[in-house]
Amino acid sequence: MAPEIKYNKIFIDNQWVDAVNGKTFETFNPHDGATIATVAEGDKEDINAAVQSAKRAFHRNSEWRLMDASQRGKLLNKFADLVDRDLDYLSELETYNNGMVLTTCRAFVGAAAHHIRYNASLADKIQGNTVPCDGDVFSYTLKQPVGVCGLILPWNVPVLMFISKVTTALAAGCTMVVKPAEQTPLSALALAALLAEAGVPPGVVNVVPGFGETAGAALTHHPDVALISFTGSLEVGKLIQQAAGTNNLKRVVLELGGKSPLVIMDDADLNKAVPYAAQAVFRHQGQVCIAASRLFVQAGIYDKFVQKAVEIAKSWKLGNPVLETSQNGPQIDETMMNKVLGYIEKGKSEGAKLLTGGKRVGTTGFYIEPAVFADVKDDMTIAKEEIFGPVQSILKFETLEEAIDRANATNYGLAAGIFTSSIESALQFSKHVEAGIIWVNTYFQLGAQLPFGGFKESGIGREGGLDAVNSYLEVKSVTISLPKKV
Ligand code: NAI
Ligand code: MG
């Protein structure tokens with residue numbers, strides 16, 4: 001049974017309101033394309049109202065700014081408890097609105113609660129230094145929240161993205177306006193209600209559902225916003241960096257996806273490497289920024305590896321994401337499904353060998369069979385562009401040196417992995433590959449404590465860990481003149 005939709009309006013000042021212009025939009029279940037809710041469609045005026053609310057909540061005399069840092073941590077821990085309490089509901093909502101299989105949703109919501117607790121623990125550990133300056137002075141630094149933040153979310157992992165960005169900004173003491181992706185507005189609204197229930201004061205977190213070109217762009221151009229944190233496409237990331245320098249000078253934290261290489265050496269444990277490589281690109285229908293979408297396999301094991309990879313892809317179970325038997329659900333929407341199918345056609349026409357899958361399944365919902373391409377060359381489109389679908393592209397290589405250079409021959413640099421039994425190969429790879437996240441004999445292993453983000457066009461800044469909270473802080477140096485003699 002579909003989960004009850006409790007919230008479908010704009011959330012400003014801890015109140016639910018309609019859009020100023022009265023507009024709404026529909027949101028769908030990607031399993032069958034059925035409408036599951038009609039949601040208020042925020043635009044420029046709603047964004048402005050939300051930013052003004054966040055600005056009031058950031059005033060030096062506001063409840064939020066006067067609150068002890070340890071109390072901010074307590075509120076965040078309360079929020080984590082509420083997320084745990086509502087884990088079943090939030091997971092089901094995510095599955096219905098996003099198509100992620102329910103078992104994975106449950107794991108992600110659990111990880112999100114863990115992420116909140118990590119950030120809660122940081123709230124009262126944000127501290128400056130005393131600085132031994134020359135002369136008769138006493139100098140110290142203060143770390144202070146940067147101000148009103150604009151957080152623009154993608155549709156692929158909505159709960160985790162909301163929680164990662166919002167709770168990092170809250171730990172730092174910022175206030176904010178969140179713009180969830182138009183495909184998946186529901187979980188952000190449900191989480192906003194839990195923040196209010198936890199006791200977060202009005203105006204600290206506002207949520208405005210709406211579209212990118214309208215609500216999103218208004219947020220990135222707003223002169224009272226100090227920072228934009230965005231996860232999504234490279235194309236929009238570049239627009240956001242430009243917008244950030246238009247009406248004021250905003251900081252930007254950008255996570256813009258990747259074309260992540262996974263390298264399998266001849267000496268790898270194939271029983272482990274083959275299933276990991278499949279998970280690394282098929283899981284969540286390939287709609288993962290860190291998907292291993294370039295799979296480099298060393299010549300000595302290439303044929304054997306490809307044969308096993310095809311067997312795994314053929315056995316992959318597609319189905320309604322609410323069922324425990326389903327390994328994959330549908331792509332998020334028709335546009336994205338067609339985009340992925342277009343890449344598969346391009347792969348075939350450019351001469352890659354499609355060994356299995358790659359077709360749409362059924363006519364309702366947006367299902368695609370996991371596809372395996374062999375004999376992929378570096379200059380083919382499927383080896384260069386982010387597909388965001390269940391498409392494994394296998395490339396052959398001879399030496400580790402060659403694999404490293406080819407892994408680096410991309411404008412992206414988010415994640416990279418290697419399977420090998422040689423510690424030397426693992427260390428060389430980890431040192432020389434230009435990526436923000438490296439995995440050795442594993443993949444997709446993440447933690448709230450670890451920085452997450454990319455080199456090159458994969459983005460700017462990091463989420464997760466201490467690096468993330470520092471993005472939301474200004475450093476102030478204070479110098480006090482001291483009398484020469486006591
Ligand atoms: P997108 O980048 O257009 O959308 C992401 C978010 O940005 C949404 O909230 C959207 O409303 C907002 N947005 C769009 N245009 C905007 C603008 N001009 N100003 C401010 N905000 C704006 O991504 P889309 O179209 O959903 O997906 C396209 C491709 O992006 C995917 O095929 C995939 O390759 C990549 N992508 C990467 C993600 C990642 O995790 N890095 C997540 C989602 C998509
Ligand atoms: Mg877009």
Side-chain angles (χ1 to χ4, degrees), residues 25 27 30 39 41-44 47 97-100 108 150-158 160-162 164-165 177-188 207-222 225 228-244 246 250 252-260 281 283-291 293 331-343 366 368 381-382 384-391 411-415 436-437 444 446 452-454 456-461 463:
F25 67 107
T27 189
V39 179
E41 183 188 325
D43 204 330
K44 200 171 176 179
I47 288 289
N97 203 184
N98 168 278
M100 183 189 285
F108 270 109
L151 311 178
I152 302 181
L153 310 183
W155 47 262
N156 59 335
V157 274
L160 194 59
M161 280 288 111
F162 179 100
S164 155
K165 289 187 198 293
V177 177
V178 184
K179 210 291 287 168
E182 52 269 37
Q183 295 89 341
T184 53
L186 299 176
S187 54
V207 181
V208 182
F211 290 84
E213 298 75 10
T214 51
L219 192 54
T220 61
H221 284 90
H222 203 293
V225 172
I228 296 284
S229 174
F230 166 79
T231 299
S233 62
L234 173 57
E235 181 195 356
V236 173
K238 287 180 175 173
L239 290 177
I240 286 175
Q241 202 182 18
Q242 285 167 18
T246 305
K250 296 176 182 66
V252 289
V253 179
L254 304 172
E255 197 272 88
L256 309 175
K259 195 70 196 169
S260 298
V281 73
R283 194 167 180 200
H284 192 30
Q285 298 78 262
Q287 302 171 134
V288 185
C289 51
I290 48 182
S293 53
Q331 307 306 122
I332 186 75
D333 61 19
E334 194 170 2
T335 309
M336 283 295 148
M337 177 187 72
N338 287 334
K339 184 176 167 192
V340 175
L341 292 172
Y343 275 117
F366 312 114
I368 300 178
T381 308
I382 58 169
K384 291 198 296 198
E385 295 180 14
E386 184 173 57
I387 298 175
F388 236 55
V391 181
N411 57 325
Y412 287 111
L414 189 53
I437 303 154
F444 280 162
L446 295 166
F452 183 101
K456 301 194 271 186
E457 290 191 337
S458 284
I460 296 175
E463 311 219 20

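We number each residue from 1, following the sequence as shown. Remember, it's 1-based here, ligands and their atoms both numbered in the order they're listed.
Protein heavy atom at the shortest distance from atom 34 (O) of ligand 1 is Glu386 OE1, 2.6 Å. The nearest heavy-atom contact from the protein to atom 5 (C) of ligand 1 is Phe230 CE1, 3.9 Å. Annotation: atom 38 (C) of ligand 1 to nearest protein heavy atom, Phe388 CZ, 3.5 Å.
Close contacts of ligand 1 with Glu182, meaning ligand atoms under 4.0 Å from a residue heavy atom, involve 8 (C), 10 (C), 11 (O). Contact atoms of ligand 1 toward Pro154: 42 (C), 43 (C) (distance under 4.0 Å to a heavy atom of the residue). Distances below 4.0 Å separate heavy atoms of Cys289 from the following atoms of ligand 1: 39 (C), 40 (O), 41 (N). Using a 4.0 Å cut-off to heavy atoms of Gly216, the atoms of ligand 1 that qualify are 19 (N), 20 (C), 21 (N). Each of the atoms 6 (C), 8 (C), 9 (O) of ligand 1 lies under 4.0 Å from some heavy atom of Leu153. Atoms of ligand 1 lying under 4.0 Å from at least one heavy atom of Trp155, given by number and element, are 24 (P), 26 (O), 27 (O). In summary, the atoms of ligand 1 found under 4.0 Å from a heavy atom of Lys179, numbered by their order in the structure, are 8 (C), 9 (O), 10 (C), 11 (O).
Here the side chains of Leu234 and Lys238 are in contact, with some heavy-atom distance below 4.5 Å. Using a 4.5 Å cut-off on side-chain heavy atoms (C-beta onward), Arg283 and Phe444 make contact. Between Phe366 and Ile332 the shortest side-chain heavy-atom distance does not fall below 4.5 Å.
In this structure, the side chain of Glu386 engages the main chain of Gly258 through a donor-acceptor pair within 3.5 Å. With Lys165 contributing its side chain and Ile152 its backbone, the two residues share no donor-acceptor pair below 3.5 Å. In this structure, the side chain of Asn98 does not engage the main chain of Val157 through any donor-acceptor pair within 3.5 Å.
Only the side chain of Met336 comes within 4.0 Å of ligand 1, judged by heavy-atom distances.
In this structure, the separation between NZ on Lys339 and CG on Leu341 is 12.5 Å, given to the nearest 0.5 Å.
An N or O contact shorter than 3.5 Å links Ser233 to ligand 1 by distance. Ligand 1 has a nitrogen or oxygen under 3.5 angstrom from a nitrogen or oxygen of Gly212.
When each of Leu151, Val207, Val208 is checked for a side-chain contact (heavy atoms from CB on, under 4.5 Å) with Val177, only Val208 meets the rule.
Evaluated by nearest non-hydrogen atom to atom 37 (C) of ligand 1, the leading choice among Ala243, Gly232, Gly257, Ser293 is Gly232. Nearest-residue assignment for atom 31 (C) of ligand 1 (options Gln183, Lys339, Glu213; heavy-atom criterion): Lys339.
Within the 4.0 angstrom cut-off, atom 3 (O) of ligand 1 has one or more protein heavy-atom neighbours.
Between the side chains of Asn97 and Ser187, no donor N or O sits under 3.5 Å from an acceptor N or O. Side-chain contact check for Glu385 and Tyr343: at least one donor-acceptor pair (N or O, by modelled atom type) lies under 3.5 Å.
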